[in-house]
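All values reported here derive from a predicted model rather than from experimental measurement. So you know, we letter chains A, B, ... as the sequences are listed, proteins then strands, and number each from 1.
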Amino acid sequence: MNIAVCLKQVPDTSEVRINPKTNTLMREGIPSIINPYDVHALEEALTIRDRLGGRVTVLTMGPPQATDSLRKAISYGADHAILLTDRAFAGSDTLATSYILAGALGRLMDREPLDLIFCGKQAIDGDTAQVGPGIASRLGWPLLTYVTKIDGIDPTNQVFQVQRKIEVGREVVRCRLPALVTVVKEINEIRYAPLPDLIRAAHYPVEVWTNADLGLDASQLGLKGSPTWVNKISTPPMREKGEVLAGSDVAPAETARILADKLIPHIVVPNR
Amino acid sequence: MTVQEPTQQQLNQERWRDVPLEFEAIVVGAGPAGLAAAYTLAKGGVKTLLIERGDFPGSKNVMGGILYSYPTHQIIPDFWKEAPLERPIVEQRAWLLAEESVVSIGFKDPGFYEEPYNNFSVFRSRFDRWMANKVVEAGATLITETVVTDFLFDERADRRRVAGVVTNREQGEIRAQVVLICEGANSILTQRLGLQEDLSPGDLAVGVKEVIALPKGAIEDRFNVEKGQGATIELIGESTQGMFGMGWIYTNKDTLSIGVGVMINQLSRSGMNPNTVLEKMKQHPAVRPLLAGGETKEYLAKIIPEGGYHQVPKLYAHGVLICGDAAMLVNGVHREGSNLAMTSGKLAAETVIEAKKKGDFSSVTLKAYHDRLQDSFILKDLKKYENASALLQSNPHFFTLYPKLARYSARELFTVDNVPKKDKQKKIWHEVTSRRGIWNIAGDMYRLWRTLG
Amino acid sequence: MTAKKKKSPKAPPSAFTEKTVPPITDNPERSDTKAHEQIPLESIEAPKNLPAHGIWVYIEQLQGEVAPVSWELMGVGRQLADKLNCPLSGVLLGHDIQPLTELAFQYGADTLYAIDDPMLKPYTNECHSIALVQLCQAHHPEILLIGATTTGRDLSGSVATALRTGLTADCTQLDVDVDNRKLLQTRPAFGGNILATILCRDRWPQMATVRPRVFSKPEKQPERSGAVVWSDLGLDPSKTVMEVVERILDERTEGYLDEADIIVAGGRGLGSKDNFKLVEKLAQAIGGMIGASRPAVESGWAPYSHQVGQTGLTVRPKLYIAAGISGAIQHLVGMQNSDVIVAINKDPDAPIFRVATYGIVGDAATLLPAITQELGARMHGAPLGTERQL
Amino acid sequence: MQTLEDKLFLVRFQPDDHSHIHINNKELCQHDCPDKPCTYICPAKVYEWNEEVKAINVGYEGCLECGTCRYGCPRDNIHWVNPRGGFGVMYKFG
């Protein structure tokens, strides 16, 4: 089983806080990390490789600093890492990004066949969940999103079975290989990598591909190839100062009534 | 599954085929000592592995915030041309705080704003990350997120030699000819080797610090420096609520580093939280205006080895050397630590380079590290102040009474009230000697001079 | 390496089972075809220069039940259509969907585009994306709105890429610029700390997904009706590569805490494991899930999988009720982005009140039963504007 | 005055799912340590006396990893090790 994993290096948005005193966005020193969902995608790929053999190749599109994330992926145990970097790629939206990644995966497949491509379900900075489906669509591969478990893989007959999360529960889907899978965090627990993989990562020569290597249509890259653009940025309304409700545990029923008046507009039946 | 599964071990073996699991030197900890050591080793052609427990080098590192230029320049020449620095310091002040007042002395020299500079305010997290890149460029191998938990030993008939380290990861043993312990003030490994006896709370201070953001212009106005220049203030007396310790305020580019360190044993007795001590210092009338309108960005804590010369552990054994805070190399009187750490790392590395030439990493060869430290300013300075800590700790009036007397004296002298200056001097002298006997004061001064002079 | 640290509680072991995967049942010839040769999306030309017209809303249905978000979108779609002076249409894909068609008109559609085909019976990305792409190519909608459910997000990414158009996910506000007929798509970004308004240029349809309950559901108008435009799927069943084997419906309480809309969480201030049950009762009464602070989990009152905070999950529900939780920083970072926070605590200085929308100073153990009764009675006594779908 | 809570809110932590701090002997805290200095000397107030269970609660997630408790515990009753590599406090400034 040869598996590719698409990673994104993202700012750790969980570290973005609103300073409670000044109500300002705290952005200092926010580190770049591998998109957390992508780490689970990598873990799943590594698990399959460890069971069935083959190679795991990680790819990312980004500035040269994104090498850090690829090296980190190597330290988890990935076999090979490729950085897609080119000024022409900068400013790509999800449509252009999926074009570039699909192009790179196509080039990788010239070198070695791929059975599976793994992505995280979405990136925590954009939360779009579009690049995985976009790559599948571009490659013409079947797409399985929100996968919570891989039930089994039959490499001989090129079939595998997964469980995927849907709004009302989960569904079991059987699908032909090759396929593209996006995963949720519940799918696995991330390994604590053995030391030799960390040492290997320290000096690992990440392969770098530019558009000269990929030969993609320039009009479909970067800002030019991106139909969506951000027209305006605003800050969401600040949380209003809390309101202390009258009443207390001396008169629980009365307090409950006051609270219910406030809450009923917010309580809705789960949307399927 | 219908396919033949290669075992995971086979796959790993394949992947790890070219991974080196043996080094000539292992440096534990990417702080100032470890980075200086690893850099010097790598430059000296020693195959070096640097192991850091944080996410990146610097992520666990804390200091007051001053980096001395000369010792850093000794390791990485002209570092100021590319390192992430805050402000070159042109003025250093000392403040003696009493309840509401301050007696201030200072030294300002614009010459410090020129190469090679004297010192800089820095953030360890950023500086160390930069320096770690230099270490890697120099050829060392850096791994992060890995804790060294123990040592490997070679047991021979006559001796026990450190032969590598054990980490908390699978397959986590790595061998080396020599291990440099640069683990910092929490000297767990040093104690594990039995080189450091258990320290007492009287040997260590706890320092807490805040980084407070202010506009650049406000910093320059409030500290009376030119654009881009920096100033430091060390605060004693009321700043530590009468405890043995010191406060500090350093100017960064667009933040201030403000902190206070007090001895752990005194803090224990006081019943106070270190943050409370810091908050009280921040509220002092002399300090408060400097911080007004600022926004706190980070809160940090670290212990500072204050044991001085007497608490310096055995610095070497077969296959192992101790550097920096782990070796108690802090000059409490002059608030120096990182420069001692870096220089000790460098000297340790130089010792290892020589040992490699000799092919002997036994304590006989490694003792040269101790001798180098002895010949350097590091142990000379620590020796000079060997009794300072004990003196100051056993004489709390240095932190309580004398600041008050200084305030009283200064207030008398500076108050214009038509009292003849001669009378004022008499009055001051009378007040001072009534609060602490003349012979006691003389004794204090003599001991202080003997200890610090 | 943050990802590994924020790991999900009680995740199943990584390894998949050893069982051999049975072949995809109804399709014996499949074994010598390559999957990526099967799906014709790539061959589809984007309708770049054709005049696009009309607003479409994708009507998501599962086993004959329509996702409420579809009707919510019909409501906002109506407003946008009126502004742009264009028709509002629904798109309905599935099998035996005839009974649903009139609902689309009753909720505001002028036209309904529909494909009824056995291959569309269970949702699969494969067939539904082809179906939707075909309809878009045939009728050129100007704007296509899809609910940001798991299905909607699965579908929209494939369709937008196939049509080579822009897609904005998880919008929380929608408007149109009447002059240049642009859809103004506003969505949270950067962990919800900023709002970005996104436009799509020179490509159609302008596609957006919208989170459920951002817009309210319009009133049903039983008298409304309209024309259904039926199309054929025209796919060869033997060429599909995906098959839904089984669908397992969850009880709501066993869902994903980090995606729950309502969380009732308890802390050590409840005093005992028995009192923690009051939290469970309230959660049950209002259709929420149970959360817990670390001390409550450590005391064994709730399993670790329900722990909210730095060492547990980060949650962002519409409503978070914190009962007997003081609000240590470890807990606050895990729930501070909830839309509405109710804090019940004896200590008026508890930090939880700093992030609370509504604070009640009092004993949670005393107050919870009253709140459960009051909210339970009101919710089940009167409809809340949304039918229960399960 | 800025509270300690406010300040700790600014610090970046990546807590492990198990504590790196352990109290060796709870009895000692209860019976032989009237002052319980750990509850105030810790710069992050990680230690808190819980009167109900008569034991120290350790909020290890907020540990700044200074080590004050290691040396400040008068009964030498705190077993403190470095958190697992990659976990614990991560300073932005340092």
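Looking at Ala160(C), only its backbone comes within 4.5 Å of chain A, counting heavy atoms on both sides. Both the backbone and the side chain of Ile233(A) come within contact range of chain C, with heavy atoms under 4.5 Å apart. With a 4.5 angstrom heavy-atom cutoff, Asn125(C) touches chain A only via side-chain atoms. With a 4.5 Å cut-off on non-hydrogen atoms, Asp93(A) does not touch chain C at all. Interface remark: Leu155(C) contributes no atoms to any contact with chain A (heavy atom separation under 4.5 Å). Both the backbone and the side chain of Thr128(A) have a heavy atom closer than 4.5 Å to some heavy atom of chain C. For a residue to count as touching a neighbouring chain, one of its non-hydrogen atoms must lie under 4.5 Å from one of that chain's; by this rule Gln163(A) does not touch chain C. Both the backbone and the side chain of Leu143(A) have a heavy atom closer than 4.5 Å to some heavy atom of chain C.
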As a quick check of understanding, evaluate salt bridge (charged side-chain N to carboxylate O under 4.0 Å, His left out) for Glu243(A) and Lys262(A), giving each step before the final call. CA-CA 11 Å; Glu243(A) 179 183 346; Lys262(A) 303 280 185 190; 3.0 Å; yes
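Residues that satisfy the side chain to side chain donor-acceptor pair (under 3.5 Å) test with Ser92(A), not counting sequence neighbours, are absent from this structure. By the salt bridge (Lys or Arg N to Asp or Glu O under 4.0 Å) test, Arg257(A) pairs with Glu254(A), Asp261(A), sequence neighbours left out.
Between chain A and the options Asp170(C), Ile371(C), Leu167(C), heavy-atom pairs under 4.5 Å are most frequent for Leu167(C). Ranking Gly134(A), Ala129(A), Ser226(A) against chain C, the residue ahead of the rest is Gly134(A), based on heavy-atom pairs under 4.5 Å. Comparing Thr172(C), Thr372(C), Val245(C) by how many heavy-atom pairs each has under 4.5 Å with chain A, the most go to Val245(C). Counting heavy-atom pairs closer than 4.5 Å to chain C, the top residue among Thr145(A), Thr94(A), Val162(A), Thr182(A) is Thr145(A).
The structure places SG of Cys119(A) at 15.0 Å from NE2 of His40(A), a figure rounded to the nearest 0.5 Å. In this structure, CG in Leu62(C) is found 7.0 Å from OG1 in Thr151(C), a value given to the nearest 0.5 Å.
Donor-acceptor pairing under 3.5 Å is recorded for the side chains of Thr186(C) and Thr197(C).
By the 4.0 Å N-to-carboxylate-O rule, Asp50(A) lies close enough to Arg191(A) to be salt-bridged with it. Checked for salt-bridge contact, Asp151(A) and Arg174(A) miss the test: no charged N lies under 4.0 Å from a carboxylate O.
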